[in-house]
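Reading through the structure tokens given below for one structure.
Every chain is numbered from 1 and lettered A, B, ... according to where its sequence line falls, protein lines coming before strand lines.
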Amino acid sequence: MIADQRPRPDPRLAFDPRALGLSEPGRAFFRRGTVLVARSLVGAWIARRWRGRWYGGRIVETEAYLGPADRAAHSWNGRRTPRIEPMYADGGHLYVFLVYGMHHCANVVTRREGVAEAVLLRAAEAPGDAPARLLAGPGKLCAGLGISVRDSGLDLVSDGPVRIFVPRRRSRVRIGVSPRIGIDYAGDAKVWPLRFFDIQSAAVSR
DNA sequence: CACATGATCGCCT
DNA sequence: GGCGATCATGTGG
């Protein structure tokens, strides 16, 4: 018997993608423009498979990070280090980093291999009877699902343990736009309108 | 409700 | 050696 190498997700996040009419987008979905992907991911689902079951939530808040010209992005000024390396992967990969020594942040990599842009997943709505704000915040989203830096670099498109699902029918989500959170150091980029959120959701940070 | 603070550590300078 | 794409808790108005 081999022990699980990764933490158990919060059991209240269990859900069934098929029952909800969700499907998986292909590589092309993630290779599109980063702002478009960020908007498209509002209303999509982030999910993790653990012991054959799916755990996750409906994404309600995202931020686009635009690469070398974006002072708020880790890839600003062409920076390329082992930690950041997954940002340079092909669209549809996962980039996870640690902030403040204790919280993890999950990002969906966009564009093509070599172009270091990504979408930060800031908040999701927990399914079913789970507390609405269980995944409200990037750190809480990762904690709830049990996602950590060990998952950085995973391919979201192939048959892996972390995946993205989208509604088959285009959802009618009213999307709000604002500057990004927590990047006061980013100069002119700090006011860029790159945060997208579901206006109706109670899980969006305020 | 609006701040202010502490926790905690890998990464880059 | 400084600091951050955060969060929970505490204080005071």
Side-chain angles (χ1 to χ4, degrees), chain A residues 6-7 9-10 12-13 30 33-35 37-42 44 46 57 59-89 91 93-111 115-126 130-154 156 162 164 175-198 201-206:
Chain A
R6 284 179 164 74
D10 190 309
R12 293 171 291 183
L13 296 174
F30 302 100
T34 304
V35 169
V37 175
R39 290 190 80 106
S40 304
L41 285 176
V42 175
I46 173 72
I59 299 164
V60 294
E61 183 181 355
T62 66
E63 285 178 357
Y65 284 84
L66 298 185
D70 180 0
R71 204 157 184 147
H74 288 165
S75 51
W76 174 66
N77 205 15
R79 214 162 120 218
R80 186 165 190 165
T81 68
R83 172 180 73 143
I84 306 166
E85 190 59 27
M87 276 191 84
Y88 288 84
H93 284 76
L94 184 68
Y95 167 50
V96 185
F97 63 91
L98 181 70
V99 270
Y100 302 109
M102 61 185 76
H103 299 296
H104 297 268
C105 292
N107 300 257
V108 173
V109 174
T110 59
R111 310 287 304 276
V115 181
E117 303 189 10
V119 175
L120 170 65
L121 305 181
R122 284 197 58 87
E125 274 177 2
R133 297 183 58 81
L134 187 62
L135 304 177
K140 294 172 72 179
L141 188 152
C142 285
L145 289 173
I147 290 174
S148 77
V149 291
R150 298 181 55 184
D151 301 302
S152 194
L154 285 180
L156 298 165
V162 180
I164 294 287
I175 295 181
V177 183
S178 85
R180 294 167 292 181
I181 305 288
I183 54 157
D184 285 349
Y185 56 87
D188 55 313
K190 103 177 148 186
V191 298
W192 293 356
L194 295 178
R195 173 173 171 258
F196 305 94
F197 53 95
D198 179 348
S201 176
V204 171
S205 41
R206 288 162 291 138

Item to check | Rounded interatomic separation in angstrom, taking CH2 from A:W76 and P from B:dT13 | outcome: 9 Å
Checklist entry - Please give, in whole Å, the distance from B:dT13 P to A:Y185 OH? => result 14 Å
Item to check | Rounded interatomic separation in angstrom, taking CD1 from A:I181 and P from C:dG4 | outcome: 16 Å
Next on the checklist: Heavy atoms only, 4.0 Å cut-off, all strands: where does A:R83 land among base, sugar-phosphate and nothing?
Outcome noted: sugar-phosphate
Next on the checklist: For A:R71 versus A:Y185, what's the shortest heavy-atom pair and its separation?
Outcome noted: O-CE1, 4.0 Å
Checklist entry - Backbone N or O of A:G67 within a donor-acceptor pair of the A:D70 side chain at under 3.5 Å? => result no
Next on the checklist: Heavy atoms only, 4.0 Å cut-off, all strands: where does A:G101 land among base, sugar-phosphate and nothing?
Outcome noted: base
Next on the checklist: In whole Å, I'd like the distance from the CD atom of A:E63 to the P atom of C:dT6.
Outcome noted: 8 Å
Checklist outcome for this item: Parsed dot-bracket for DNA chain B after applying the Watson-Crick and G-U rules with both distances under 3.5 Å and | for other-strand partners is |||||||.||||.
Checklist entry - Can you check whether A:V60's main-chain N or O pairs, donor with acceptor, with A:S201's side chain at less than 3.5 Å? => result no
Next on the checklist: As a test of reading the structure: which of B:dC12, C:dG4, C:dC7 is closest to the side chain of A:Y100, going by heavy atoms?
Outcome noted: C:dG4
Item to check | Reference residue A:R180; test side-chain contact (heavy atoms from CB on, under 4.5 Å); the match among A:L120, A:L194, A:V191, A:T62 | outcome: A:L194
Item to check | Among C:dA5, B:dG10, C:dC7, the one nearest A:L98 by side-chain distance | outcome: B:dG10
Checklist entry - Any side-chain N or O of A:R79 under 4.0 Å from OP1/OP2 of B:dC11? => result no
Checklist entry - Which of these nucleotides, C:dT6, B:dC12, C:dC7, is closest to any side-chain atom of A:T81? => result B:dC12
Checklist entry - Starting at CZ of A:R150 and ending at P of B:dG10, how long is that distance when rounded to a whole Å? => result 15 Å
Item to check | Whole-Å gap separating C1' (C:dC3) and NE2 (A:H103) | outcome: 15 Å
Next on the checklist: Before you tell me yes or no, could you show the steps for A:V177 and A:F196 under side-chain contact (heavy atoms from CB on, under 4.5 Å), namely the whole-Å CA-CA distance, both residues' side-chain angles and the distance that decides it to 0.1 Å?
Outcome noted: CA-CA 5 Å; A:V177 183; A:F196 305 94; 3.9 Å; yes
Checklist entry - For the pair made of NE2 in A:H104 and P in B:dT8, what is the distance, rounded to whole Å? => result 14 Å
Checklist entry - Quick one: does A:L135's side chain get under 4.5 Å of A:K140's, heavy atoms only? => result no
Checklist entry - Rounded to the nearest Å, what distance is computed from the CE atom of residue A:M102 to the P atom of nucleotide C:dG4? => result 14 Å
Checklist outcome for this item: What one should report as the nearest heavy-atom pair of A:A116 and A:S75 is O-OG, 2.8 Å
Checklist entry - P atom, C:dG13 versus B:dT5: distance in rounded Å? => result 15 Å
Checklist entry - Touch check for A:L120, heavy atoms < 4.0 angstrom, all strands: base, sugar-phosphate only, or nothing? => result base
